[in-house]
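Here is the structure we will look at.
Chain naming here is simple, since letters A, B, ... match the order of the sequence lines and numbering starts at 1 in each.
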There are 2 protein chains.
Amino acid sequence: MENKSQPKRPITSYDVARHAGVSQSAVSRCFKPGASISKATRAKVMKAATLLGYQPNAIAQGLITRRSNLVAVVISSLTNLYYPEVLAELTQRLAVHGVKVLLFSLSHESDVDLVLQQVWGYRVDGAIVAARLSPEQIRDFQKRGVPLVLYNRVEERAPCDSVCCDSAGGERQLVGSLLEAGHHHFGIIAGPVDSYVGEERVRSALECLATAGKRDIPVVRGEFDYQTGRAGFKSLVEQTGGKLDAVICANDLMAIGAVDAARHDFERDVPSEVSVVGFDGVGPATWLSYNLTTIRQPVRRMTEAAVTMLMARIADSSNPPERRLFSGQLLPGSSARFTT
Amino acid sequence: MENKSQPKRPITSYDVARHAGVSQSAVSRCFKPGASISKATRAKVMKAATLLGYQPNAIAQGLITRRSNLVAVVISSLTNLYYPEVLAELTQRLAVHGVKVLLFSLSHESDVDLVLQQVWGYRVDGAIVAARLSPEQIRDFQKRGVPLVLYNRVEERAPCDSVCCDSAGGERQLVGSLLEAGHHHFGIIAGPVDSYVGEERVRSALECLATAGKRDIPVVRGEFDYQTGRAGFKSLVEQTGGKLDAVICANDLMAIGAVDAARHDFERDVPSEVSVVGFDGVGPATWLSYNLTTIRQPVRRMTEAAVTMLMARIADSSNPPERRLFSGQLLPGSSARFTT
DNA sequence: TTGAAAGCGATACCAT
DNA sequence: ATGGTATCGCTTTCAA
């Protein structure tokens with residue numbers, strides 16, 4: 001018995017047509033939602049199709065239709081524990097619309113231009129980008145007519161659709177509570193300069209503190225990860241000679257690093273001796289060992305909004321850019337001393 | 001001034017050809033690596049191309065070439081903190097080969113068949129799958145001639161390329177050390193039944209224990225996440241009436257949950273009163289608050305192997321299936337009492 | 001309802 | 001080295 005099944009060449013609609021004794025057009029119609037086709041032919045076709053294992057070539061479809069049903073998702077740092085959740089949500093939601101995700105992750109922010117080349121090449125129906133884009137790059141999307149939604153980024157100089165979590169509002173809650181609880185010696189662990197939300201959060205925190213008359217706050221930079229959070233805490237302690245009772249971190253991962261540094265490297269109790277707050281509300285933030293005081297981004301709603309906006313713009317690109325800002329939710333936690 | 005830039009229709013090679021005063025074939029050749037074209041024409045073409053912002057239509061290329069330069073990456077639970085790292089590695093490495101990632105994440109394992117439909121439709125050049133596939137599904141790949149590499153899965157009944165981390169070997173180290181250190185009362189927090197590695201790890205752990213004469217080990221199931229790890233610990237304590245000095249978890253996240261449960265829910269010291277071991281070596285495992293005793297999967301080498309194998313099979317599908325097994329590295333940590 | 005034929009935007013083979 | 005032409009697998013008029 002010859003088990004030489006080598007159907008290298010995928011089944012085409014012609015194969016199905018021949019097998020079903022109908023025209024190729026008929027086959028095509030069977031796979032198009034609102035096509036006019038008789039019950040009889042449809043039956044014949046479907047039978048042949050399933051028998052042969054026929055699946056319409058999405059590539060060919062895309063070529064003729066000019067709709068690839070592909071959406072590019074560009075994420076700079078997948079390693080940031082915040083993004084897996086976002087990515088999972090996005091792919092799932094897009095799938096509902098019959099849209100597939102073409103994933104691009106940047107090793108360096110400088111790769112953006114290379115990535116965009118690919119994006120143009122695949123004639124994606126749209127893109128969701130959580131990475132820094134220059135105004136020119138954004139305008140490139142518009143010039144090419146590729147719908148774009150920025151995720152947790154906005155670019156003043158080139159208006160376009162975006163969904164964000166309100167950094168300023170979040171920090172205001174955090175810093176406000178810290179002030180109210182009587183903290184005096186603040187320190188900030190910022191994110192990398194090229195992070196929009198990172199800078200936004202720090203800017204806002206500093207603003208709140210300034211309003212309360214607190215200036216010259218020491219700021220150190222981290223890379224949004226545990227290690228640099230831990231190192232950042234150390235730097236702050238050194239810079240302040242130990243006079244430090246509140247540390248504001250640009251994200252949860254660094255906050256967690258800071259908490260561990262305080263407890264294990266400096267044997268300072270959190271929150272009685274030093275308060276630490278983060279931002280994002282990632283999974284580990286709620287783990288018992290940390291129980292971080294932070295702002296939880298409404299990821300579900302944000303991803304839903306992003307997908308909705310994108311699909312809307314794909315359907316009709318004429319409407320004006322919209323910026324949607326979601327408030328985060330304060331997770332009180334217990335890494336900061338608050339007066340309730 | 002009319003700023004009505006609405007080049008809805010993307011630039012094609014014909015546009016470039018016309019603009020450069022050459023044939024469309026010439027344009028095509030300019031974008032093909034080893035094509036024979038004169039310096040002069042190439043220059044003209046490239047000039048026109050960059051001017052118009054031309055980017056070859058990858059969809060059309062794929063249609064005629066029968067190579068989409070697309071690889072499907074199927075991951076069941078992106079929420080498992082282990083996968084973001086894998087995913088980032090994979091996309092980056094595939095990008096090196098000029099291959100783009102079509103990402104599919106499953107909400108339910110039952111979605112696999114739907115996902116596979118999409119995969120067939122896009123005529124991907126290959127697939128890397130970290131999800132449970134039935135033998136029929138695997139054979140479907142072979143029938144359709146789509147190269148496939150399983151990641152941390154193997155299916156005895158349908159041989160195919162795969163890369164795995166040695167679960168048995170890892171558990172042997174872990175359990176061996178626990179036994180050697182004189183632990184007596186073991187408990188296991190297993191993963192979901194449909195996880196290959198989960199079952200493999202538990203099977204192996206039980207085997208090691210049996211060899212040491214330890215039988216009737218209590219086993220509870222979790223979902224590979226923090227919450228169920230914590231709950232699992234509680235269940236074990238209840239089942240054993242508190243006689244428990246070593247907990248073997250099928251992955252790190254559950255181990256972390258178990259550690260927190262021990263410390264915070266039961267006020268038992270880890271590791272002096274109870275040892276906890278995990279598996280994976282995810283980022284949080286090394287955080288100071290946990291410093292988990294676990295097995296670190298060599299993700300870099302594994303993803304590299306997966307990509308290499310896939311590209312090799314894409315280039316030549318005739319070679320026999322290969323199974324590559326990587327040893328994990330013991331991270332001693334301090335969540336388990338070991339004799340050194 | 002159905003089939004024939006014209007593209008979609010590239011590649012590849014063929015003469016020139 | 002260059003241009004003409006068939007082709008990839010589908011959707012979409014257009015007649016019948």
Legend entry - Divergence of helical axes at both termini of the helix from C:dT1-D:dA16 to C:dT16-D:dA1 - five pairs an end, 10° steps: 40°
Legend entry - Residues within residues 46-57 of chain A bordering DNA chain D, heavy-atom distance below 4.0 Å: A:Tyr54, A:Pro56, A:Asn57
Inset, instruction - Kindly state each residue pair satisfying salt bridge (charged side-chain N to carboxylate O under 4.0 Å, His left out) with at least one member in residues 35-44 of chain B, sequence neighbours excluded. - result: none
Inset, instruction - Could you tell me whether B:Thr12 contacts a base, only the sugar-phosphate backbone, or nothing, with contacts defined as non-hydrogen atoms closer than 4.0 Å? - result: sugar-phosphate
Inset, instruction - Output yes when a side-chain donor or acceptor of B:Asp111 lies under 3.5 Å from a complementary backbone atom of B:Leu114, and no otherwise. - result: no
Inset, instruction - Would you sort out whether B:Phe141 and B:Trp120 count as a ring-ring contact (aromatic ring centres under 6.0 Å, His included), showing the intermediate values? - result: CA-CA 9 Å; B:Phe141 275 89; B:Trp120 308 146; 4.8 Å; yes
Legend entry - Electrostatic pair B:Arg93-B:Glu89, nearest N-O below 4.0 angstrom: yes
Legend entry - Backbone of A:Asp161 reached by a side-chain donor or acceptor of A:Arg324 within 3.5 Å: no
Legend entry - N/O donor-acceptor pair under 3.5 Å between B:Thr303 side chain and B:Val299 backbone: yes
Inset, instruction - Could you tell me whether A:Glu156 and A:Arg323 have a side-chain N and a carboxylate O separated by less than 4.0 Å? - result: yes
Legend entry - Side-chain heavy-atom pair B:Val124, B:Leu102 within 4.5 angstrom cut-off: yes
Inset, instruction - Ignoring hydrogens and angles, tell me if any N or O in the side chain of A:Arg313 forms a donor-acceptor pair with the backbone of A:Pro320 under 3.5 Å. - result: yes
Inset, instruction - Starting from the 5' end of DNA chain D, give me the residue, B:Leu63 or B:Ser25, whose nearest nucleotide shows up first. - result: B:Ser25
Inset, instruction - Evaluate the side-chain proximity of B:Leu150 to B:Ile138: yes if any heavy-atom separation is below 4.5 Å, no if none is. - result: yes
Inset, instruction - Would you check if the side chain of A:Arg66 reaches a backbone N or O of A:Leu63 as a donor-acceptor pair within less than 3.5 Å? - result: no
Inset, instruction - Using a 4.5 Å cut-off on heavy atoms from C-beta on, say whether the side chain of A:Arg132 contacts that of A:Val112. - result: no
Legend entry - Carboxylate-amine/guanidinium contact A:Lys100 A:Asp125, below 4.0 Å: no
Inset, instruction - Shoot me the first and last contacting nucleotide of DNA chain D against chain B, ordered 5' to 3', at under 4.0 angstrom to non-hydrogen atoms. - result: D:dA1 to D:dG9
Inset, instruction - Would you grab the first and last nucleotide of DNA chain C (5' to 3') that comes under 4.0 Å of any non-hydrogen atom in chain A? - result: C:dT1 to C:dG9
Inset, instruction - Using a cut-off of strictly less than 4.0 Å between a heavy atom of the residue and any atom of DNA chain D, enumerate the qualifying residues of residues 29-42 of chain B by number. - result: B:Arg29, B:Ser36, B:Ile37, B:Ser38, B:Thr41
Legend entry - Donor-acceptor under 3.5 Å (A:Thr65 side chain, A:Arg67 main chain): no
Legend entry - Along DNA chain D (nearest heavy atom to each residue), the more 5'-positioned of B:Ala26 and B:Ile64: B:Ala26
Legend entry - Side chains of B:Leu106 and B:Val74 in contact at under 4.5 Å (non-hydrogen atoms): yes
